[in-house]
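We use all heavy atoms of the structure for the numbers below, so side chains are in, but hydrogens, waters and symmetry mates are not. Below, chain A is the first sequence line, B the second, and so on; all start at residue 1.
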Amino acid sequence: MITIENLSKSFENGDDKIWAVKNVNLHVNEGEIFGIIGLSGAGKSTLIRCLNRLEEPTEGKITIDGVDITNLDKSGLRRVRKDIGMIFQHFNLLSQKTVYENIAFPLELEGMSKSEIKSRVNTLLDYVELVDKKDSYPSQLSGGQKQRVAIARALANNPKILLSDEGTSALDPKTTKSILDLLNRIRKEFNLTIVLITHQMEVVKDICDKVAIIEDGEIIESNKVDELFRNPKTKTANAFISGLDFNIEEESIKSREFKGTLIRLSYLGDSAKEPIVSKMVKNFNIHANILSGNINELMSTSVGYLILELLGDDNEIKNAIAYLKNQNVSVEVI
Amino acid sequence: MAKLVIPSLLETLYMVVFSTVFSLLIGFPLGILLVVTEKDNIWEKPFLNKVLNSIINILRSFPFIILMILVFPISKLIVGKSIGTTATIVPLSIAAAPFVARIIESSLKEVDKGVIELSLSMGASVPQIIFKVLIPEAMPSLILGITITIINLIGYSAMAGAIGGGGLGNLAIRYGLYRFQTDIMVVSVILIIIMVQGIQYLGNKMSLIIDKK
């Protein structure tokens, strides 16, 4: 659906050239929710803006649905943009227009007739559950309602792709959840491909199928979300995962304070059904002390963590770890 | 006294209404151009932008009385004469147009960059962004700007009265100043004050009513 090849973007700052995006290669499949996560200033906003050329890429190629959009002229670009909806952190609603008029706006740009606009907008209002707010102005809405208007507006043209530029960053956790649910629902019902950027691992965890981690303009890790949670390769990925609320206790465990060997197991939903730890203790002459554990609910599966202190003969511990590694569990010695 | 004051009041209204319309006709498009041709804006044209800025600055530097005299030949060309109430509309419009351009420019610049970005992301064309986004979003501020323009034109029209224009300014000078009829001068000035107050009040009210932000 979307292929990004060797994409780079630089900004001139006087004589300096600053590379906001460096040599990015990504592929997003149709119907996928693809998350790009990074800290502020990592270049994620520039990257997503390149996808509809709100930012002009300096180098590289972006192909959407077989069309190289980096080569399009202005009118070609305008046509492609109508197939790409976008939502923003600060919603970007037209403040002098009602909810109805905001959703009608892209249809008006298309020159659609009044009656067609009316039926389309009413369907969308119904879909985002804002029928009663139809004649309200954005200033009278809550953040979550504003974003739902923005989503309805982004869907008005029946786009194939939806870009979300920190779409939930200005919302409280509960509202974030409801907006993410809505995005997940429209992905299924409209067969939409969604690319979102965020700095919240919560968002990735809740709705993304795949995730790329961006740092200093480069993609440093890209994987399926469950794989990333199970086996994060980079420090940054680890930091994002452990930044999730329920992982906090992990930080308070210092390996120096324990006599035994500390290991961290991570396993996907299905492996959790096997009594692995109990088998390990039976098979090897060691003791296992459970220090911490939790489960992260991902969209399609869940990833569990367990931190164990292993006590016993060094060799036995080594063998036990080798055994665990054979059981479809990731093992990390802390 | 009413015989003197009422025709002058009507002349002032006539001058102000028409010069407002004409200065808006010239200044409004200029103001839009100033914004959209700016760097990083939707129709970036750095050279045009520079030229427009210079012309507007030069026109705004002229003291009104001098501009009015300089424009006499143009008035003659358009209206057929260089003095009188109708003729004064020409220099009034020319003097106010660059002012209008700046006022419009600053109002349009207040529009949130985010909604422009949004419109671009939806494939809106430059004219669509100008007429469906920039102007409607800036409307409350534009109304306040136009109010200021009208009030300025009332002031200018009174000045124009001194050198051959009609209206209340002319009346105040001819009767009040030259013939020492203080009452006429006072009435003229009071009428001008009432006009200014009334228009400012109306402008503020309208802007407030239509602003949904």
Regarding A:R185 and the six-membered ring of A:Y127, is the cationic atom NZ or CZ under 6.0 Å from the ring centre and inside 45° of its axis?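 Output yes; distance and angle both within limits.
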Row check, B:F72 ring normal vs B:K76 NZ/CZ: under 6.0 Å, within 45°: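 Judged by the rule (NZ or CZ under 6.0 Å from the ring centre, within 45° of its axis), B:K76 is not positioned above B:F72.
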Considering only heavy atoms, which portion of [X] lies under 4.5 Å from any heavy atom of chain B: side chain, backbone, both, or neither?
| X | result |
| --- | --- |
| A:F105 | side chain |
| A:R49 | side chain |
| A:L93 | backbone |
| A:L94 | both |
| A:P138 | neither |

Do the non-hydrogen side-chain atoms of B:I154 and B:L168 ever get within less than 4.5 Å of each other? no
Between B:N53 and B:N49: side-chain donor-acceptor atoms closer than 3.5 Å: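 On atom types as modelled, these side chains qualify, holding a pair under 3.5 Å.
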Can a donor-acceptor pair be found between the side chains of B:S8 and B:E11 at a distance below 3.5 Å? no
Leading residue by heavy atom contact count with chain A [cutoff under 4.5 Å; candidates B:S121, B:S119, B:G114]: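 Answer, by heavy-atom pair count under 4.5 Å with chain A: B:S121.
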So for B:I116, is it side chain, backbone, both, or neither that comes closer than 4.5 Å to the heavy atoms of chain A?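 For B:I116, neither part sits under 4.5 Å from chain A.
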Choice from A:K97, A:K74, A:Q89 maximising heavy atom contacts with chain B below 4.5 Å: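 The option with the most such pairs is A:K97.
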How many angstroms lie between CZ in A:R78 and CG in A:N52, if you round to the nearest 0.5 Å?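 A:R78 CZ to A:N52 CG: 14.0 Å, rounded to 0.5 Å.
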